[in-house]
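Before any comments, here is the structure.
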Amino acid sequence: MSDLLTAERVNRTAPELSRYYDVAALASAVAGLTSLAPLPSPVSAVLLTVFVLSGPGLAIVTWLRIPVAAAVAAVPVLGLSVVTAATTVLAWFYRWPAIGLLLVMVLAVIASALRHRWHDTGADSVRAVTLQQVWFRLSHWGHAARVNRPLILVVVALALWGVVLAGLGTTGYSQFGLLFVGSGPGLVVCALMMLGAFVWALRAGAVGTAATALLGVIVVERLTPTLVTDVPIYGWTYKHLGVVDYIQQFQTLPPKGVDIYGEWPGFFTAFAWFGDITSADMMSIAHWFAPVIHVLLAVVIAAIARLLGFDMRVALTAAMVAELANWVGQDYFSPQAIALVMALGVVALLVVSTEHRSAAYLSILVFAALVPTHQLTPYWLFGVTAALAVTRKIRPWWLPVPYFAILVAYLVPRLDIVAPYGLLSGFNPVDNAASNVTAVGTLGKIFTSAVCRSLSAGIILLAVVCAILLWRSKRPAWVATVMAFSSFALLAGQSYGGEAIFRVYLYAVPGCAILIAPILVDALTIRFRSGLLRAVVPVGLASGLAYVTFAGLQGYYGLWSLVVGYQSQVTFAEDILANEQPPATIMSLYPAGLPTRVSADYIKFAVVDKDFDQPLLALPPALLEGFPHGGQIEMLTADAAEREGDTYLVFNTQGTAAIRYYGYLPDGSVDNFEDQLRSSPDWSVSAQDVDSTIFRYTGPRR
């Protein structure tokens with residue numbers, strides 16, 4: 001990554017570089033074809049991932065004259081755009097030739113790569129490398145590694161991380177999250193060691209080692225959940241798995257009106273196609289999804305910083321700040337994760353549009369693929385584009401016009417679908433910025449909320465200060481400033497179900513990181529003459545970076561006991577969905593634990609009653625007064641007796657932990673309620689293990 005990004009910004013792509021793109025595209029095409037071979041599913045998944053993230057993008061970029069950093073950002077984004085757009089269109093027209101689509105893309109990549117005549121490549125385009133030269137280079141690299149102390153620190157941190165993982169597999173409940181139980185504190189130590197290696201490498205000018213330390217932070221912070229759990233974290237992940245499973249089974253979109261996902265299907269069709277080609281278990285794909293997304297985000301953010309004129313040290317620092325400060329758990333298997341990567345890729349193309357009009361026109365195609373992928377991200381991106389166009393930072397000036405036309409053309413036919421979810425939630429930014437969690441909760445909840453808020457406020461305020469400093473020193477700041485603060489305009493009319501403030505911060509992080517990075521690099525590398533400054537500044541920087549590292553981890557892992565998943569719960573849910581017939585009701589106290597929409601079978605229940613799995617806490621507060629002695633058991637029993645179909649009541653460790661964490665119900669009330677069900681002649685245990693108890697109504701019908 002560092003070799004590509006450190007290339008000088010040029011006005012056109014050199015022919016030799018274009019040929020390297022062609023060779024890489026051919027290699028990617030081979031990976032795409034090989035994914036069709038009878039290989040183990042994980043191998044096929046890796047090969048197809050390589051093709052999607054490189055092949056289509058390289059085939060397009062090789063025709064353009066854009067800077068290398070812009071190509072680095074554009075290549076994976078173009079691949080994602082091609083797949084999401086193509087599979088969406090196929091699903092709309094009730095066509096699903098999965099292998100045919102892959103073969104068409106592979107042939108297009110090969111045709112693009114072979115457009116140069118090989119005898120014109122020149123003697124210097126491909127240099128022969130002898131075995132002696134290879135051995136010399138490996139020996140030189142080995143010697144450099146032995147004396148590269150920051151790299152040694154990275155290796156030591158990874159070794160310690162391996163030890164820490166061994167103590168995270170069977171952790172108990174903690175209201176303060178994973179960092180405060182078992183070997184959890186070791187995660188903070190490992191992340192700080194990686195950060196120390198990164199700073200050390202920056203000061204030494206070793207950008208390759210700094211990039212390695214950045215990758216190490218991603219491994220420690222984002223790969224840990226994958227390796228210490230059997231199934232993906234976050235209950236809402238499984239809602240997306242259910243939609244993908246439906247498309248795979250029936251090769252069409254879910255029926256209209258079931259949920260909103262079928263109206264923005266780009267993400268779901270892309271992964272359904274991916275699963276059809278590789279036969280990979282989509283649960284495993286979701287399990288490994290987050291670290292891949294963070295690598296892509298780091299690459300694109302670093303590329304934008306380079307395109308804005310900053311050197312490689314600043315670019316890597318921007319990616320590092322974004323990684324450390326991003327505590328918002330929006331990196332799971334979801335449309336918004338892919339959409340954010342695509343949106344930042346568009347920003348990279350916009351940055352070079354003043355000199356390369358082809359990048360501007362290409363951005364329209366990426367935007368068109370983004371619109372049917374996520375409901376909110378395209379509107380933020382449109383705001384960024386409009387602000388940059390008005391201030392003449394992009395060309396052509398009319399670029400927001402096709403963006404707006406695409407948005408309107410897509411939204412208007414779906415207004416009846418969107419309306420029940422709330423197109424606008426009121427023009428009150430303060431109310432729209434309120435969280436969807438209003439309970440005071442435990443000390444752990446108060447602590448984690450305070451940490452997250454302090455980190456978010458600190459990053460935003462620091463970005464404001466850095467933007468002013470960059471402006472005063474006549475360094476590029478406007479594009480990053482628009483990226484950082486434009487998302488706050490979303491609060492003018494939409495709360496997004498109480499999640500708007502989280503999305504605002506998520507969209508702001510890349511721009512804030514790019515604003516902070518140049519000033520941070522200056523502070524880390526400058527040599528102060530004053531003895532007082534030499535003593536105070538390093539301590540202040542170390543303390544600040546250490547807090548950002550801890551706060552980001554605490555925000556990410558603070559809800560661990562509430563969001564972790566268990567294989568047995570997935571199995572229970574799959575069995576109920578497969579064996580039950582609609583209508584049926586699956587009610588839990590809190591929406592966590594049992595993933596009631598994990599498979600395509602959820603559709604048959606949702607078409608009858610889209611709220612078939614509504615949690616008990618979603619009932620009107622008056623019905624929960626005095627719980628569990630306020631007649632709730634009698635009410636639920638009477639309701640189950642009158643309902644057509646079976647009724648299930650689910651208890652699980654995550655739901656109980658969430659109720660305790662947020663203080664939704666009095667202590668001991670969940671256990672008391674479960675005891676009432678056990679003693680009731682109308683309810684019996686349908687399934688049970690250490691993490692879940694599922695009751696089914698077996699009493700008389702009315």
Side-chain angles (χ1 to χ4, degrees), residues 171-181 184 225 233-239 327-330 332 430-456 495-503 505-506 551 553-566 569 586-596 611 613-630 632 636 649-674 691-693:
T171 56
Y173 168 80
S174 171
Q175 61 177 292
F176 293 94
L178 187 64
L179 302 185
F180 289 83
V181 65
I233 61 175
Y234 301 121
W236 38 92
T237 300
Y238 299 92
K239 295 181 179 181
W327 60 266
V328 184
Q330 299 291 334
Y332 62 97
V430 176
D431 288 345
N432 291 334
S435 169
N436 53 2
V437 178
T438 58
V440 176
T442 62
L443 178 61
K445 190 265 181 185
I446 296 171
F447 174 76
T448 300
S449 296
V451 168
C452 293
R453 289 171 181 170
S454 65
L455 175 60
S456 302
S495 69
Y496 210 67
E499 293 187 2
I501 190 61
F502 304 118
R503 305 300 174 91
Y505 181 70
L506 179 68
L553 283 168
Q554 179 61 25
Y556 196 71
Y557 289 104
L559 301 180
W560 182 257
S561 299
L562 285 60
V563 301
V564 68
Y566 301 108
Q569 295 172 334
I586 308 173
M587 183 179 293
S588 58
L589 294 181
Y590 181 86
L594 194 77
T596 52
D611 296 323
D613 54 352
Q614 188 179 51
L616 186 64
L617 288 179
L619 296 175
L623 298 179
L624 296 176
E625 289 184 3
F627 186 91
H629 301 292
Q632 285 80 17
L636 291 173
L649 275 173
V650 180
F651 294 80
N652 53 63
T653 55
Q654 301 98 316
T656 303
I659 291 170
R660 184 194 315 171
Y661 181 81
Y662 292 115
Y664 286 136
L665 298 172
D667 289 343
S669 59
V670 174
D671 293 336
N672 192 299
F673 186 58
E674 184 176 348
D691 295 308
S692 305
T693 302

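The model shown is predicted, which means the values in this text are computed figures rather than measured ones.
The distance from the OH atom of Y566 to the OG1 atom of T653 is 4.5 Å, given to the nearest 0.5 Å. Atom OH of Y661 sits about 10.0 Å away from atom OH of Y590, to the nearest 0.5 Å. In this structure, I233 CD1 and Y238 OH are separated by 9.0 Å, a value rounded to the nearest 0.5 Å. A distance of 8.0 Å separates CZ of F502 from SG of C452, quoted to the nearest 0.5 Å. Rounding to the nearest 0.5 Å places CG of L559 at 11.5 Å from CG of L178. The CD1 atom of I659 sits 4.5 Å away from the CG atom of L589 when rounded to the nearest 0.5 Å.
Every residue meeting the side chain to side chain donor-acceptor pair (under 3.5 Å) condition with Q569, not counting sequence neighbours, appears here in chain and number order: Q654, S692. Evaluation of the side chain to side chain donor-acceptor pair (under 3.5 Å) rule for Q175 yields T442 as partners, not counting sequence neighbours. By the ring pair (Phe, Tyr, Trp, His ring centres under 6.0 Å) test, F627 pairs with F673, sequence neighbours left out. Considering only residues two or more places apart in sequence or on other chains, Y234 meets the ring pair (Phe, Tyr, Trp, His ring centres under 6.0 Å) condition with W236, Y332. Legend: residues meeting side chain to side chain donor-acceptor pair (under 3.5 Å) with S456, ordered by chain and number and at least two apart, are W327.
More than 12 heavy atoms of other shown residues, nucleotides or ligands fall within 6.0 angstrom of atom CG in D611.
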Show the numbers, then the answer: is there a side chain to side chain contact (heavy atoms under 4.5 Å, CB included) between L455 and Y505? CA-CA 11 Å; L455 175 60; Y505 181 70; 4.1 Å; yes
Please lay out, stage by stage, how V670 and R660 fare under the test side chain to side chain contact (heavy atoms under 4.5 Å, CB included). CA-CA 9 Å; V670 174; R660 184 194 315 171; over 6 Å; no
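One N or O on the side chain of Q554 and one on the backbone of F176 form a donor-acceptor pair closer than 3.5 Å. Although no hydrogens or angles enter the test, the distance criterion places no donor-acceptor pair under 3.5 Å between the side chain of T448 and the main chain of K445.
Taking all atoms of both residues into account, the shortest heavy-atom contact from S561 to G172 is OG-O, 4.2 Å. Taking both residues in full, the closest heavy atoms of G655 and A592 are given as N-CB, 4.2 Å, listed atom of the first, atom of the second, then distance.
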Donor-acceptor contacts, no H, no angles, side chain residues 613-620, under 3.5 Å, sequence neighbours left out:
| from | atom 1 | to | atom 2 | distance (Å) |
| --- | --- | --- | --- | --- |
| D613 | OD1 | R597 | NH2 | 3.0 |
| D613 | OD2 | T596 | OG1 | 2.7 |
| D613 | OD2 | R597 | NE | 2.9 |

